Amino acid sequence: MTTRRPPADVPGSPGLPWHVSDALARRYADGSAAETDAWSLEKHVESCAGCAGRVSAAVRAGTAGPVLASVRAELLASLGPGRAREGARAVRPGSPARRTAPGAPLGRRIAAVASLGRRPGPTTSPGLRPESATPGARPTRVAHTPTPHAPTPFGRWARLWWAVGPALRGSWVVAVMLVVGGAYGLAYGAGVQGARSLLLALSPVLPLAGVAVSYGRHADPLYEITAATPSGGLRLLLTRTAAVLAVCVPLLTAGGALLPPVAGFPGAAAWLLPGLALTLATLALGSFVGCRAAAATLGGGWLLAVTGPLLGPVDTAASATALALYFSGPAAQGGWAAAALACAALLVLRRRSFDHLESR
């Protein structure tokens, strides 16, 4: 049967059967294959014995061949002389293990390797239990209970809890609540009339802190593992950013709406576009310098911009008017919307940068 291959050795051409070529196997063995080609190859060899053998031969012929041979020799030596002879016979051409390994599912290949280290024992059928080692003893039949494989609600909640990131599991949520509680204390405890303007000035930078502690080498202890998975990279970062915004938006907006209004100051939802623009800017800048450095840079710049009005007398209308320039009016809101779109476009262009590990 003639195998048709797509031009230029590119995997995944629609409608055409595809197999690993010798050139692609060599590129995969020396680490020069593109990531998408490597993923396609690894998925394909799970069900194709011929391509699995071709890739295995290329890897053994490359620089990793002596290392793999040394590891295999040490493994067989650790099993003992008898087990080593069985392992040597198992990998000869035509042996059952040799026929099973190339195209077998991963679980069967692991089981075949693990069987080399097991001691021979009495063989029983499923549902039978040997009573003793006495010759002639009849095994008794026991009930066989199938192992359930359906996902449990606890497992789904555990995956969701992991996906939302360290921010929602750490002190960041507590910090947001303390900011809202502090604004309420100033407004209703100390009688400060400009508490809403203070909360509105701080609201755009609170999501940045959540993003900074949600993703990256310094924030997530499983960062190296998650970055290497198909669900890692920008997809995981956007999931955790959405979780941060899902907490910030209702909490800060509702908290600001319940505070006493300030004359000449915009409503409690005026911070949404500035907050969205700064969050997207953090993600876009994070593709160059990392999320933590990007959040610190943009958050510090925002706080410097509003320091003057914040340090002034918060009970005066002049302070509220100065802060309102950053939030109210068609020009300000239109500028934040344009900045958000520009940062989103840059993030799309830089999306592949999150597939690589951050520098230390």
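If you're wondering where the values come from, they're calculated on a predicted model, not measured in any experiment. Heavy-atom basis, side chains included; hydrogens, waters and symmetry copies ignored.
Contact annotation: the side chain of Cys248 approaches that of Trp172 to within less than 4.5 Å [non-hydrogen atoms, C-beta and beyond]. Within the 4.5 Å cutoff, no side-chain heavy atoms of Trp271 are placed close to those of Leu199. Annotation: side chain of Val20 is not in contact with side chain of Tyr28 (no heavy-atom distance under 4.5 Å). Side chains of Phe327 and Pro204 form a contact here, defined as non-hydrogen atoms less than 4.5 Å apart. Inter-residue side-chain proximity for Val249 and Leu272 is flagged as met; some heavy-atom pair is nearer than 4.5 Å. Between Pro274 and Tyr326, the closest side-chain pair of non-hydrogen atoms is not below 4.5 Å.
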I would like to know whether Leu251 and Val173 meet side chain to side chain contact (heavy atoms under 4.5 Å, CB included); could you show each step before the answer? CA-CA 10 Å; Leu251 187 61; Val173 176; 6.0 Å; no
Go through it in stages, so that I can follow the logic: the residues are Leu198 and Leu202, the test is side chain to side chain contact (heavy atoms under 4.5 Å, CB included), and I'd like the CA-CA distance, side-chain angles, deciding distance and then a yes or no. CA-CA 6 Å; Leu198 288 174; Leu202 294 177; 5.6 Å; no
- Message: Pair Val306, Leu323 - check side chain to side chain contact (heavy atoms under 4.5 Å, CB included), show working.
- Response: CA-CA 7 Å; Val306 299; Leu323 282 175; 4.0 Å; yes
Could you go step by step and tell me if Met177 and Val174 meet the side chain to side chain contact (heavy atoms under 4.5 Å, CB included) rule? CA-CA 5 Å; Met177 294 182 178; Val174 179; 5.8 Å; no
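Judged as a side-chain contact (heavy atoms from CB on, under 4.5 Å), and not counting sequence neighbours, the contacts of Ser287 are Arg350, Ser353, Phe354. Partners of Leu273 under the side-chain contact (heavy atoms from CB on, under 4.5 Å) rule, at least two apart in sequence or in another chain, are Gln333, Trp336, Ala337.
A distance of 11.0 Å separates CZ of Arg196 from OG of Ser203, quoted to the nearest 0.5 Å. For the atom pair CG of Leu238 and CZ of Arg351, the computed distance is 11.5 Å after rounding to the nearest 0.5 Å. Put simply, CG on Leu206 and CG on Leu278 are 11.5 Å apart, with the number rounded to the nearest 0.5 Å. To the nearest 0.5 angstrom, Leu237 atom CG is 11.0 Å from Asp220 atom CG. How far CG of Leu259 is from CD of Gln193: 11.0 Å, rounded to the nearest 0.5 Å.
Side chain of Thr297 to main chain of Ala293: a donor-acceptor pair is present (N/O by atom type, distance under 3.5 Å, no hydrogens or angles). Counting only distance, with no hydrogens or angles, the side chain of Ser40 and the backbone of Thr36 share a donor-acceptor pair below 3.5 Å. Trp39 places no side-chain N or O within 3.5 Å of a backbone atom of Ala34 that could act as its donor or acceptor partner.
Side-chain contact annotation: Arg235 with Thr239, donor-acceptor N/O pair under 3.5 Å absent.
Of all the heavy atoms in Val289 and Ala294, the pair that sits closest is CG2-N, 3.9 Å. Nearest heavy atoms, Val244 versus Ser214: CG2-OG, 3.8 Å. Nearest heavy atom pair, residue Cys343 against residue Ala277, reads SG-O, 4.3 Å. Counting all heavy atoms, side chain and backbone alike, Ala187 lies closest to Pro260 at CB-CD, 3.7 Å. Listed here is the closest heavy atom pair of Ala183 and Ala195: O-CB, 3.6 Å. In this structure, Leu200 and Gly267 approach most closely via the heavy-atom pair CD2-O, 3.9 Å.
Tyr188 and Val180 end up in the same hydrophobic cluster when Ile, Leu, Val, Met, Phe, Trp and Tyr side chains are linked at under 4.5 Å. Taken together through direct or relayed side-chain contacts under 4.5 Å among Ile, Leu, Val, Met, Phe, Trp and Tyr, Leu178 and Leu252 form parts of separate hydrophobic clusters. A single hydrophobic cluster is seen to contain both Leu303 and Leu285, as judged by linkage of ILVMFWY side chains at heavy-atom distances under 4.5 Å, directly or through other members.
Looking at Leu208, Leu347, Thr241 one by one, the single match for side chain to side chain contact (heavy atoms under 4.5 Å, CB included) with Thr282 turns out to be Leu208.
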